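All values derive from a computational prediction rather than experimental measurement. In the text below, chain A, chain B and the rest are named by the order of the sequence lines, each starting its count at 1.
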Amino acid sequence: MLYVDVIVPLPLSGVFTYKIPDLLADRVIVGSRVIVQFGKKKFYTAIIHRIYDSDEPKTGIKEIISVLDDYPIVLPEQLQFWEWISSYYMCTLGEIYKAALPSALKLESETLVFLDASFEAKEPFTANETKVFDVLSDSKPLRISEIEKLTGISNAIPYVKSLADKGAAYLNENIQNKYTAKTEASIRLAKNYSESELNEILNNLKRAKKQEQALILFLELKKEEGDHPEFFIQKKLFLGQTGISSSVVDALIERGVLVSFQNEIGRFDYGDSDLLSSKILNPFQEKAYNEIYDNFKEKQVVLLHGVTSSGKTEIYIQLIKDAIERGERVLYLLPEIALTTQITERLKSVFGNKLLVYHSRFNDNERAETWQSLLQKEECQVVLGARSAVFLPLRNLGLVIVDEEHEASYKQQDPAPRYNARNAAIVLAGIHQTKTLLGTATPAIETYYNALSGRYGLVTLSKRHSEIELPEIVPVNTKDLRKRKQMKSILSPPLVEEMRNALGRDEQVILFQNRRGFAPLIECKTCSWTPKCLHCDVSLTFHKGQRVMVCHYCGAVYSIPTECPECKTPTLEMQGYGTERIEELVQETIPEANVVRMDFDTTRSKRSFERIIADFEANKTNVLVGTQMVSKGLDFDNVSVVGILNADSMLNYPDFRAHERAFQLMMQVSGRAGRRHKRGLVLLQTAHPGHPIISYIRNNDYASFYETQINERQLFRYPPFYRLIEIVIRGREEHVVDGLAVEFAQVLRQSFQERVLGPVKPGISRVQSLYIRKIVLKIENQASPQKIRELIEFYQKQVMQNPNYKSVLLHYDVDPM
DNA sequence: AGCACGCCGACT
DNA sequence: GTCGGCGTGCTC
Ligand SMILES: [Zn+2]
Ligand SMILES: [Zn+2]
């Protein structure tokens, strides 16, 4: 008897065993998708993890309902990768499966259902079966989701299945049909005519001038394109280029000279690649490029430490070209907010249709198409993507590039799998026996430590593009100005003056404030009451545009009170500055400025995001106010002044990485200032101009910054010297959550002793009506992650036996950020 | 994560 | 006496 172990898209540990019915026995492949019934009601698309034969009789095992693919959708390397993530990040395979596949491929909702025309009812339908049957007979084949919409049945899969069992309907079992590739009518010659045959045809067309002309044009086009006998062109394109009417081409098809066929085209047409055209590396880039290869001889991972504007991208492009030449694929990761049109356009111009782009702003069908293209089209050799692109099926992977490797957004926070795509990418490269290049101007402390200790190779690129100088960074002492009563708002007089100067020279300004909304706090001047979220332990941010108060943790929206609900006086006051308020303030202070704001709220759609960038690039706007969004992946060449409005908020954040983050962020924002042949100016508003981090930024001194950070890390037992595992406990009742946290920490101490920290009540101790406690484990690097994991899970089982804790949620965050 | 099974309060 | 509340436990 044949069995399969499958992964179901649920947060359950382990795999589940199903029988393979004889009919499907020769169709199952590891990595392909199957439909299974799981539990009493639910049907899921599962992934085959293992196929095996066994004579041992097993009870309570269901059969696979259908097989969806004749080829693996998930490659063996990917399954191995999933296993690693599951084990290292302490999550289930099901959670990874859910995160990895675009949901269009998890076809509960996507399956097409056909009606069997020859069906004759032998037994009556149930009410729901009738409903499904009726909507199907009214129209074309329907997707299950469409059936659900039309019938109002919330889960139609069982009824579709029972109709299929009765022979009334069938499911298309070949993914190629299911996945609706875009096709377009194309034309080509009916056969490979000889010269004389063609002459004869043209002679016969003497009386049909239009047709003759059309054929001649077609043949000319064919010749231009290399005279390939199989030459074809999309009909629409041909008509457009030649001005021939459709009926003329149809007549040629009717005559049998041309044939029309459906040619599958991708949704993304980036044109041809132009591998020869791009710029040649300058001597510094050339040197770095060679050093990267030297390092790859011995090291699996190389860090390219290159200052902003040193042209790392050019080096990447060269490395990608090399991989393409070797016939291999490249995965190029960027943080989501750095994946701008600027970079995609740049790569498109070089790699054309070899390039695939993958990130969350693409819809699900587009993502599914990218997945299928990688499985089926050899020529798709370059993938540019955000975090989740590490899950793509990259057969024949030859290089992984992780740019801006220090970015915290590589770490997925919620939900599981809480993986770090930078570290996962290194493991992925290892599975494919290939190399990883990490790039950044401000390496993560962990990465730089690995590079200095020799675990990674290190290549430094310190020379900027010749005509671009590093900006001048000037702190503005807000404490001083405040004492002298000169800080009337968050815009200090020196900043306003420099802004005016820049705008007067027709140059542009970027203002950076890492807080969205209008004011992060509302306070009653009489009784100091502040509005708080009903579900979370945070105060609400006032959003002026939408005239509401918003909880930035759960998204809850509240209306604005006109008077204080506590003391009934109308003395509510805005405290603090968000981007929205700064936008308004700039407009008031400098009325002639053309201010635009870029933050989460103004860039909800892909369109508005690109619009804001395009307008600023075109100088239609001249002051850009934004959150960290303005710091990544954008190069504007007319920005001469950058204002960092509140450096202190970043430095005072209670986290061991706060200084590192502040340094990286401010360095990056500063990098936006400066134009060709003109040095940029960065004004950094702070109450502590002597803060060491600020002087490191001023002096562009990564080495000293690193030195202080690494010492602190060692002293306080933080990464890279120790590995952190955070245990997060959440629940509706505070005392239960607290009880479990205390008890869990206690039993953990039996084995881990002083390595257990907490439990602590986090700064934001309640989110979405759930109280939170955290326990942190600091584990020595040399300890086996697998042993640690087993030990923790053993203790978890032990404490969770207490029935009081059954309603509490617990998860692990390995290498939290 | 769902979903069923099961054991106690307020309603016909 | 039943309807339904959501607490626990299982899903191959
Ligand atoms: Zn009040
Ligand atoms: Zn909230």
Expressed in angstrom and rounded to an integer, what is the separation of [X] atom [atom1] from [N] atom [atom2]?
X	N	atom1	atom2	answer
Tyr805(A)	dG9(C)	OH	P	16 Å
Leu93(A)	dT11(C)	CG	C1'	16 Å
Ile35(A)	dC12(C)	CD1	P	15 Å
Glu95(A)	dA1(B)	CD	P	8 Å
Asn802(A)	dG9(C)	CG	P	12 Å
Ile20(A)	dC12(C)	CD1	P	17 Å
Arg732(A)	dT8(C)	CZ	C1'	17 Å
Gln37(A)	dA4(B)	CD	P	12 Å

>> Counting the atoms with a prime plus P, OP1 and OP2 as sugar-phosphate, which does Tyr18(A) contact under 4.0 Å by heavy atoms, base, sugar-phosphate, or nothing?
In response: sugar-phosphate

>> Taking the minimum atom-to-atom distance to the side chain of Lys806(A), which one of dT8(C), dT11(C), dG2(B) wins?
In response: dT8(C)

> Is the distance between the ring centroids of Phe16(A) and Phe38(A) less than 6.0 Å?
Replying inline: yes

> Do Tyr358(A) and Trp371(A) have their ring centres less than 6.0 Å from each other?
Replying inline: no

> So Gln796(A) and Tyr812(A), side chain to side chain donor-acceptor pair (under 3.5 Å) or not? Walk me through it.
Replying inline: CA-CA 11 Å; Gln796(A) 182 195 339; Tyr812(A) 299 97; 2.7 Å; yes

> Side-chain N or O of Lys40(A) less than 4.0 angstrom from OP1 or OP2 on dC3(B)?
Replying inline: no

> Got a sec, which residues hit side chain to side chain donor-acceptor pair (under 3.5 Å) with Arg50(A), two or more places apart in sequence or on another chain?
Replying inline: Asp5(A)

